[in-house]
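Because only heavy atoms are used, hydrogens play no part in the values below, and waters and symmetry mates are left out as well, while side chains stay in. All residue numbers refer to positions in the sequence shown, counting from 1.
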Amino acid sequence: GCPGGRRAPADTDVVATALRETREELGLELRASSVWGQLRTLPDRQGQLVAPVVANLGPLEDLTLTPNPDEVEEVFTLPLDHLLREDNQGYTHFRTAATGRYGYTMPVFLHGPHRIWGLTAVVTEFLLELLAPGQY
């Protein structure tokens with residue numbers, strides 16, 4: 001595989017990369033037909049473009065995940081209604097090194113011991129805007 005979810009030479013497109021990474025990191029074999037689509041691309045901290053791919057995994061109780069311990073520390077799920085509750089939503093403000101002032105604000109989602117932030121939270125926000133327009 002490619003570190004960090006990068007496209008491998010054999011990958012035909014970003015969907016192929018996402019399906020291969022899902023297999024390598026979670027042991028989950030998905031068909032291209034389960035893919036709903038791709039969210040808009042966005043840069044990570046290193047300036048690399050990230051292309052989030054959204055797929056329907058089917059009922060959670062039917063899934064058997066075998067996470068790769070070299071790549072995945074923990075797997076957890078969150079219901080959509082949990083993410084849509086305002087008391088589980090927040091924002092983090094980041095200062096820029098040059099001025100010391102707040103440079104940008106990013107979403108944060110809370111769930112017990114878990115805190116979803118950074119690029120994952122931004123992608124989650126994109127998804128909520130699509131799945132629950134008017135509610136998020």
Next on the checklist: For E74, is the CD atom crowded, meaning more than 12 foreign heavy atoms sit under 6.0 Å from it?
Outcome noted: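 Buried by this count: over 12 neighbours within 6.0 Å.
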What distance do [X] atom [atom1] and [Y] atom [atom2] have between them, rounded to the nearest 0.5 Å?
{"X": "L110", "Y": "H82", "atom1": "CG", "atom2": "NE2", "result": "7.0 Å"}
{"X": "T66", "Y": "L26", "atom1": "OG1", "atom2": "CG", "result": "8.0 Å"}
{"X": "R20", "Y": "E25", "atom1": "CZ", "atom2": "CD", "result": "9.0 Å"}
{"X": "I116", "Y": "E125", "atom1": "CD1", "atom2": "CD", "result": "12.5 Å"}
{"X": "L65", "Y": "T77", "atom1": "CG", "atom2": "OG1", "result": "9.5 Å"}
{"X": "N68", "Y": "R23", "atom1": "CG", "atom2": "CZ", "result": "12.5 Å"}

Do [X] and [Y] sit in one hydrophobic cluster, given that two such residues count as connected whenever their side-chain heavy atoms are within less than 4.5 Å of each other, even indirectly?
{"X": "L39", "Y": "V14", "result": "no"}
{"X": "V54", "Y": "L30", "result": "no"}
{"X": "V15", "Y": "L127", "result": "no"}
{"X": "V123", "Y": "L49", "result": "no"}
{"X": "V50", "Y": "F94", "result": "yes"}

Heavy-atom closest contact ([X] atom, [Y] atom, distance):
{"X": "L119", "Y": "M106", "value": "N-CE, 4.3 Å"}
{"X": "P52", "Y": "R40", "value": "CD-O, 3.6 Å"}
{"X": "P107", "Y": "A121", "value": "O-CB, 3.2 Å"}

So does [Y] get a backbone contact from the side chain of [X], meaning a donor-acceptor N/O pair under 3.5 Å?
{"X": "R6", "Y": "T17", "answer": "no"}
{"X": "Q89", "Y": "L83", "answer": "yes"}
{"X": "D11", "Y": "D13", "answer": "no"}

Next on the checklist: Under the criterion side chain to side chain contact (heavy atoms under 4.5 Å, CB included), I'd like the reasoning laid out for H111 against N88: C-alpha separation, chi angles, the key distance, then a yes or no.
Outcome noted: CA-CA 7 Å; H111 177 62; N88 297 324; over 6 Å; no
Checklist entry - So do the side chains of L19 and V53 get within less than 4.5 Å of each other, counting heavy atoms only? => result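 Answer no - side chains too far apart.
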Item to check | Side-chain heavy atoms of L130 within contact of W36, under 4.5 Å | outcome: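 No, every pair of side-chain atoms sits at 4.5 Å or beyond.
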Checklist entry - Mind checking whether F76 and H114 have parallel, tilted or perpendicular rings, split at 30° and 60°? => result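 The rings of F76 and H114 lie parallel, inter-plane angle below 30°.
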